[in-house]
Amino acid sequence: MKSLRIATRKSPLALWQSEHVADCLRAAHPGLEVTLVPLSTRGDEVLDRSLAAIGGKGLFLKELEVAMQRGEADCAVHSLKDVPMELEPGFILPAILPRADAADAFVSPRFERLDALPQGAVVGTSSLRRQAQLRALRPDLRLRDLRGNVNTRLAKLDAGDYDAIVLACAGLQRLGLEARIRDRLEPPHWLPAPAQGAIAIECRDDDPAVAALFAALDDAHTRCRVEAERAMNRALHGSCHVPVAAFAALEGERLHLVGQVGSVEDGRAVRAEAVGPARDPVALGDAVAHRLLAQGAGALIDPHR
Ligand SMILES: NCc1[nH]cc(CCC(=O)O)c1CC(=O)O
């Protein structure tokens, strides 16, 4: 192949991530011409309703997949945490890049850390996972929805709409906004979304020449960790719109996975962990999911069953 077209969302973070993949590809394949195909997705356009309310699944992917099916792009770049647990048939993830910082960030103009927020302070986040963890740690806080890309969310914080917001450290770092991180929210007290901080490339499964170009970019350690986290999430419910958190770490040949399911309503949470051989991350993810369900996670995921 002489050239490759990357479908990307148009947000500054998505463009940074796609440019980064383009740079990695050019370095791995000198002479390859790589271009971006920026597209708008429903997840970017509908900002007045929560992602859960507009149906969630794959909202940020659909338009990019259509472009690949029509032959208008060869691949797409995603934040893996936004990729549904079940890919659309006909698509694969030929590469997962080395994971960046997986932690969340506490961001506030006035307060140093979560503990320093006054009683009843207003915190913005639309992530059910972040809301549930905030509820569990600080039941007094008032949680408010906050949608939009990273820059939009920071602008709303600066406008005084919130006392603090929670964002991914990786996104802030990629955008050169690391200075906005007042405190890190990280394991063991706080868990990220499954696959947070990992960038994935998606392509059609009938395009082996494209997949082959990406072989050089795949990071086996990251893939192992995120496969366990995503397998756990898949075994629990299959969607990304319930308060599920997971974090896996490699300890030599062993993989350690911690998972948590929480409740936005009352801050209840169940947590489970397990260690298993790194060669079978999916089995480990399934095992932690079953432990969570045995502790009553099902009632938190779907209060009506
Ligand atoms: N849902 C939006 C989204 N998807 C991925 C990231 C951060 C980058 C990453 O996790 O790789 C963000 C922004 C955020 O949560 O603050």
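Each residue takes its place number in the sequence, starting with 1. Whatever order the structure lists them in is the order used to number ligands and atoms, beginning at 1. Since the model is a prediction, treat every value here as computed from it, not as a measurement.
- Residue Q196 approaches ligand 1 through these ligand atoms, each under 4.0 Å from one of its heavy atoms: 10 (O).
- A side-chain donor from one of Q17 and R174 sits under 3.5 Å from a side-chain acceptor of the other.
- By heavy-atom distance, the residue among G197, A170, A168 lying nearest atom 10 (O) of ligand 1 is G197.
- With a 6.0 Å radius and a threshold of 12 heavy atoms from other residues, nucleotides or ligands, H290 has its NE2 atom at or below the threshold.
- Considering both main-chain and side-chain atoms, L167 never comes within under 3.5 Å of ligand 1 through any nitrogen or oxygen pair.
- Heavy atoms of R130 found under 4.0 angstrom from ligand 1 belong exclusively to the side chain.
- Residues Q131 and R144 bring no donor and acceptor atom of their side chains to less than 3.5 Å of each other.
- Among Q17, R99, K81, the residue whose heavy atom sits closest to atom 6 (C) of ligand 1 is K81.
- Close approach to S79 involves these atoms of ligand 1, each under 4.0 Å from a residue heavy atom: 4 (N), 5 (C).
- Q133 and D104 form no side-chain donor-acceptor contact under 3.5 Å, judged by distance and modelled atom types alone.
- Open room surrounds CZ on R291; 12 or fewer heavy atoms of other groups in view lie less than 6.0 Å from it.
- Here is the list of ligand 1 atoms found below 4.0 Å of a heavy atom in R174: 8 (C), 9 (C), 11 (O).
- Here the side chain of R5 pairs no donor or acceptor atom with the backbone of L36 at under 3.5 angstrom.
- Ligand 1 has no nitrogen or oxygen under 3.5 angstrom from a nitrogen or oxygen of R153.
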